[in-house]
Amino acid sequence: MSKKILLIDGNSLAFRAFYAMYQQLDRMVTPEGLHTNALVAFNNFLESIVLPMQPDMALVAWDARSGKETFRGDLYDDYKAGRDKAPSEFKEQFPYLREMVEAHGLHNYEQIGLEADDIIGTLSRVGEKAGDQVIIITGDQDLTQLVTDSVTVKLTKKGVTQVEVYTPDFIMEKFGITPAQIIDKKALTGDTSDNYPGVTKVGEKTALKLLKEYHDLDNLYAHVPDMKASKMKENLINDKASAYRAQKLATIITDAKLEIGLSDLVYREPEEKGLVTLFEKLHFKQALSKLRAHSLLDEDFAEAAEDSEKKQGNFAAVKELNEAALTQLAKEKSLAFHIDTTGDNYHQADMIAYAIGNDQVGYYASRDLTLLGSETFKRIIESQEIALRLFNAKAHWVLLHRLGLNLAGVDFDFLLVAYLLDTVGNDNVLSTLAGRFGRYLASNEEIYGKGAKFAIPEDETVVLEHVGHKAQTIFDLRDQAFADLDEHEQGHLYHDIELPLSFVLAKMEAQGFTVNEDRLSKMGQEMEEQIASLKDEIFQMAGEEFNINSTKQLGTLLFEKMGLPVIKKTKTGYSTAVEVLEKLAPQAPIVEHILAYRQLAKLKSTYVDGLLAVVDPADHKVHTRFLQTLTQTGRLSSVDPNLQNIPMRTEAGRKIRHAFVPSHDDWLIFGADYSQIELRVLASITGDPAMEHAFVEDEDIHAETARKVFGLADDAPIDADQRRTAKAVNFGIVYGISDFGLSKNLNIARKDAKSFIETYFQEFPKIHQWMAAIKEKAHQDGYVETIEHRRRYLPDINAKNFNTRSFAERTAMNSPIQGSAADIIKIAMIKVNQAIEERGLQAKMLVQVHDELVFECPKEELEQLRETVTTVMDQAVKLAIPLKVESHAGPTWYEAK
DNA sequence: ACTCATAAC
DNA sequence: CAACGGTTATGAGTA
């Protein structure tokens, strides 16, 4: 009986595995500090590729310790030189790979003097002679030279779970040559990764052409003298020695003396005990729970194999959508829907293709946008009866809104759920997030390219399959993702906060904020004049012209030519940051000018020119996008433009706000903000009586803190400096205090800062206790939570490096505070939106700035809106401490704060 | 693509 | 002993 022999190129696959999950490197670390990304990917490979194959014999071959010990090292000194050293994050995973291979029932083998290739080459010939079927899995194209009718090579393409199958026919079709000629192809081209040259200027194309004409290297050189004079001929003659050396280096040994034979390679079933031990050591939660489930149900391996095959993308055929299919789809209870666009900015991006379907009726895709205008499609999108599954509901709401449709009935937003489950390493990309659930599909980058290379593939079926697979992935992942959500107790956070909020945000974005472009341009002109005259003065004082925007040139002037003292350095040179320049200002009058120039240049470029560039000429509005699934704490962020960092602190900057106006005459801008929300949250979750008292009595919290840390009477007067110090201490507490940080911020001695903190903790003991407890929880669980169970994992919390660990500890203290404040304003936004609708107000919510909401409304609605908004914000959540809301209104955003 | 500087809360 | 407050986005310069 013919046997199935599996030979695996361990080194090349391990490398592939490491880089396939390189983006996840920082996420995948055990509490002991061991990186596991390559191990996770390699395990996926063993489970999803090897297990379903059920081979009779299986071996993972490894390179001997150093290439120099092989004959190739003797033959060519630079063999594999110049190869990037494997990073330590990779090396540390290596020992576990062998253990993993063993536990999965395969054998490991390496032999001094041989590379993995040679072991595989030799065994493949042995197997072939015995009449067996040999399958080689590798990431190295060299091995394809071994292909015969009974030896196939599976070459990994992207990552380690997608392979291309090389047979003699396939090679002929792809290259037009036979497997044996692969060696001579390499002889001519050389190998950059192994660092040996072939013939100068001969690449793959030329090599294939020559081989088709002359068949092999010997025959080619026999005919070189007959070739007509050319640069190539010269190169062939000059590099003849190099070509023959490359030929030797590229030839895989097929007759090495091995200490093992086929009979030593019998494949055993995976060993459950060994796997459990290993997975526990590596903290593979998913793999462990899968293993447990399987052993509990006593599933046989055929079923396990089927399961893992499904996981890595056994996609259903994607069908072309038409009216008839749409009618069929409209009868379904739940459907996945997905649109691909030409860019991230869904306010203006074009739709490329879309897909819709479920596991019952299958998946349909189309590029025909007219179908989206049909009544049937409208029913599907707008009906509450059809539960929709999407990836990024907010983006889809806006895209559909542009078509005049009102998205409703959303059940599952995979992006939101994935973000709530784990914020770390979330790149907002479907393919990556699906990978976390063991589902693999092509990334947009693979299909469309990125940056300047972005292009829609000519072959329409590629695009249709891509969106179709996305829809299927989204559909399939719903139950698992919701189960995880439940396990985290995050059902409420998703269903009652984030999902409803996404539609509130969509509306705000689509509404847009009107910009008075004339006003903004005029400000820009004035700034330009001031910038020009500052520039003149600076050049005159410096005695030369230079680029003031260049920190490098500025550094040279200040610290070398003028000889000012270096106060701080950056990685690349002298620091010229504000705090540095402020210290230098008394010593050199030019510095004041530079500071003024800097401020104006920033305002002009970012807020005048930058803003004008993104105003939509059709409606004179800016339509920001609020990123709901980006920050580690649960806050929103805002891009294109960022409306959350419009200047406020300096008068010159604040004037920019004059350009933000209502969209109608006789309307106003109204702003409402939470006062001291983070300190109130802190007081509430720690239950500190002293702080609670201050807030319940609505006292000046910074003054009150000053009395405490300076040991003054309850009614003692506080001077400005004392208050400023106390305010800095309060801020420090919220950010996860350190004495050094506070000393730097207040410009005081470290021991004074330390004593402030100690006194603070004596006066607010519950805060001290909470800080210690939250750090302890983080060390125990690896994550912290907000009042609404928003979770933040802290992969570095047990790091050996003090800095890294300290940073994680401060984060552990800050995130529950910042995140709970984010929870509160999000709840308020949903309730405010609802209240505005219920009361039939015309007012529109436009922007959220972390503790502030901005609206536009008709003048006559102002007081009603003020009452509505402040009450709803006040009452958004039930805390032990009252919340306080302040509000302002006026003709522009300038007056509304 | 990265670093630096600076805008906000 | 060391390093040193949290969360972001954007523009300009440099590589």
Side-chain angles (χ1 to χ4, degrees), chain A residues 423 450-451 546-555 568-581 594-595 597-611 613-614 624-627 630-650 652-654 656-657 673-679 682 727-746 750 753-754 757 784 792 794 801-819 821-822 825 847-852 897:
Chain A
T423 57
K450 68 162 181 175
F546 66 104
N547 188 341
I548 312 169
N549 292 326
S550 162
T551 48
K552 203 176 161 197
Q553 291 179 38
L554 182 60
K568 205 172 112 190
K569 290 198 125 194
T570 66
K571 262 181 270 180
T572 52
Y574 312 110
S575 169
T576 64
V578 211
E579 66 262 27
V580 172
L581 295 190
I594 291 166
L595 283 166
Y597 171 90
R598 274 251 180 96
Q599 198 201 12
L600 277 169
K602 173 77 179 173
L603 290 175
K604 173 79 165 44
S605 68
T606 306
Y607 297 104
V608 177
D609 300 343
L611 217 44
V614 292
T624 188
R625 278 142 53 227
F626 291 106
L627 306 187
L630 181 131
T631 70
Q632 300 302 304
T633 54
R635 277 189 177 180
L636 301 174
S637 80
S638 156
V639 292
D640 269 349
N642 180 356
L643 291 182
Q644 292 182 318
N645 71 345
I646 303 301
M648 179 69 193
R649 291 194 324 253
T650 68
R654 190 171 176 168
I656 297 283
R657 294 178 175 232
D673 66 282
Y674 281 115
S675 164
Q676 307 292 357
I677 187 166
E678 290 188 344
L679 286 174
L682 177 67
K727 190 175 172 180
V729 175
N730 276 330
F731 265 84
I733 292 290
V734 168
Y735 291 150
I737 197 103
S738 80
D739 50 7
F740 201 98
L742 185 64
S743 74
K744 205 184 78 173
N745 191 251
L746 283 174
R750 194 168 130 193
K754 196 173 172 196
I757 295 167
V784 291
R792 177 172 189 179
L794 300 163
N801 182 291
F802 176 87
N803 262 334
T804 316
R805 189 177 62 247
S806 301
F807 188 76
E809 285 173 349
R810 290 195 295 276
T811 311
M813 296 185 272
N814 170 262
S815 290
I817 304 171
Q818 198 185 106
I825 194 163
V847 179
Q848 183 249 49
V849 195
H850 310 309
D851 63 357
E852 172 195 6
K897 176 81 204 243

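Keep in mind that the numbers below use all heavy atoms, side chains included, and drop hydrogens, waters and symmetry copies. Residue numbers start from 1 in every chain, and the chains themselves are labelled A, B, ... in the order their sequence lines are given, proteins ahead of strands.
- At a threshold of 4.0 angstrom between heavy atoms, the contacts of A:Gly732 include nucleobase atoms, whether or not backbone atoms are also involved.
- Rounding to whole angstrom units, CZ of residue A:Arg792 and P of C:dT7 are separated by 5 Å.
- With rounding to whole Å, A:Tyr607 atom OH is found 17 Å from B:dA5 atom P.
- The residue A:Gln632 sits close only to the backbone: its heavy atoms come under 4.0 Å of sugar-phosphate atoms, none of a base.
- Proximity note for A:Asn814 (side chain, C-beta onward) versus C:dG6, B:dT6, B:dC9: the nearest is C:dG6.
- OP1 or OP2 of C:dT14 has at least one side-chain nitrogen or oxygen of A:Ser550 nearer than 4.0 Å.
- At distances below 3.5 Å, not a single donor-acceptor pair connects side-chain atoms of A:Arg792 with backbone N or O atoms of A:Thr423.
- Using a 4.0 Å heavy-atom criterion, one finds that A:Ser638 contacts the sugar-phosphate atoms exclusively.
- Applying the 4.0 Å criterion to OP1 and OP2 of C:dT7, one finds that A:Thr631 has every side-chain N and O outside that range.
- Taking only side-chain nitrogens and oxygens, A:Thr606 never comes nearer than 4.0 Å to OP1 or OP2 of B:dT6.
- A salt bridge is defined here as a Lys NZ or Arg NE, NH1 or NH2 lying under 4.0 Å from an Asp or Glu carboxylate O, and A:Glu579 with A:Lys744 fails to meet this definition.
- Out of C:dT8, B:dC9, B:dA8, the shortest distance to the side chain of A:Pro647 is found at B:dA8.
- Spacing between atom CG of A:Asn549 and atom C1' of B:dA5 amounts to 10 Å, rounded to whole angstrom units.
- Backbone-only contact: A:Ser575 has heavy atoms under 4.0 Å from sugar-phosphate atoms and none from a base.
- Note on A:Val734: nothing from the nucleic acid sits closer than 4.0 angstrom, heavy atoms only.
- Side chains of A:Thr650 and A:Gln599: a donor-acceptor N/O pair is present below 3.5 angstrom, by distance only.
- Taking atom NZ of residue A:Lys602 and atom C1' of nucleotide C:dA9, one finds them 8 Å apart after rounding to whole Å.
- Picking from C:dA3, C:dG6, B:dA1 the nucleotide with the shortest atom distance to the side chain of A:Lys450 gives B:dA1.
- The nearest whole Å value for the distance from the CD1 atom in A:Ile646 to the P atom in B:dA8 is 10 Å.
- At the phosphate of B:dA5, neither OP1 nor OP2 sits under 4.0 Å from any side-chain N or O atom of A:Thr551.
- OP1 or OP2 of B:dA8 sits under 4.0 Å from a side-chain N or O of A:Arg649.
- Side-chain contact, A:Thr804 with A:Asn801: a donor N or O sits under 3.5 Å from an acceptor N or O.
- Nucleic acid contact for A:Leu630: sugar-phosphate only, since backbone atoms but no base atoms lie under 4.0 Å from a heavy atom of the residue.
- The nearest heavy atom of DNA chain C to A:Ser605 and to A:Asn803 marks one nucleotide each, and the one closer to the 5' end goes with A:Asn803.
- In this structure, the nucleotide among B:dC9, C:dA3, C:dT10 sitting nearest to the side chain of A:Phe802 is C:dA3.
- For A:Phe807, taking side-chain heavy atoms from C-beta onward, the closest of the listed nucleotides B:dA5, C:dA15, C:dT7 is C:dT7.
- Here the C1' atom of nucleotide C:dG11 and the CZ atom of A:Arg598 are 13 Å apart, to the nearest Å.
- For the residue pair A:Thr551/A:Thr576, the side-chain donor-acceptor check at 3.5 Å is not satisfied.
- Applying the 3.5 Å distance criterion, the base of B:dC9 shares a donor-acceptor pair with the side chain of A:Arg635.
- Taking a centre distance below 5.5 Å and an interplanar angle below 30 degrees as the stacking criterion, A:Tyr735 does not stack against the six-membered base ring of C:dG5.
- A:Arg750 comes within contact range of at least one nucleobase, with a heavy-atom separation under 4.0 Å.
- A 4.5 Å side-chain heavy-atom check between A:Val734 and A:Leu679 finds at least one atom pair inside the cut-off.
- A close approach under 4.0 Å does not occur between any side-chain nitrogen or oxygen of A:Asn645 and OP1 or OP2 of B:dC9.
- Pairing each heavy atom of A:His850 with each of A:Leu636, the nearest pair is CE1-O, 3.5 Å.
- Not one side-chain nitrogen or oxygen of A:Gln848 sits closer than 4.0 Å to the OP1 or OP2 atom of B:dC9.
- At the heavy-atom level, A:Ile733 lies nowhere under 4.0 Å from the strands shown.
- Residue contacts for A:Thr576: at a heavy-atom cut-off of 4.0 Å it reaches the sugar-phosphate backbone alone, with no base atom in range.
- Only the C1' atoms considered, B:dA7 is 26 Å distant from C:dA3, to the nearest whole Å.
- Closest contact between the side chain of A:Gln818 and the listed nucleotides C:dG6, C:dA15, B:dA5 involves C:dG6.
- Using a 4.0 Å heavy-atom cutoff across all strands shown, A:Asp609 reaches no nucleic acid atom at all.
- Within the 4.0 angstrom heavy-atom criterion, no nucleotide atom of any strand lies near A:Glu852.
- Nucleic acid contact class of A:Leu603 (heavy atoms, under 4.0 Å, all strands): none.
- A:Asp640 comes within 4.0 angstrom of the backbone, heavy atoms only, and of no base.
- Atom name P, nucleotides C:dA2 and B:dT6: the rounded distance is 29 Å, in whole Å.
- OP1 or OP2 of C:dG5 sits under 4.0 Å from a side-chain N or O of A:Lys744.
- Residue contacts for A:Ala728: at a heavy-atom cut-off of 4.0 Å it reaches a base atom on one of the strands shown.
- One N or O on the side chain of A:Thr631 and one on the backbone of A:Arg635 form a donor-acceptor pair closer than 3.5 Å.
- The phosphate of B:dC2 has neither OP1 nor OP2 within less than 4.0 Å of any side-chain N or O from A:Lys571.
- An OP1 or OP2 oxygen of C:dG6 is reached within less than 4.0 angstrom by a side-chain nitrogen or oxygen of A:Arg810.
- Scanning for salt bridge (charged side-chain N to carboxylate O under 4.0 Å, His left out) contacts around A:Arg805 gives an empty result, with sequence neighbours left out.
- Here C:dC1 presents its P atom at 13 Å from CZ of A:Phe740, a figure rounded to the nearest Å.
- If you measure from atom CG of A:Asn642 to atom P of C:dA9, you get 7 Å, rounded to the nearest angstrom.
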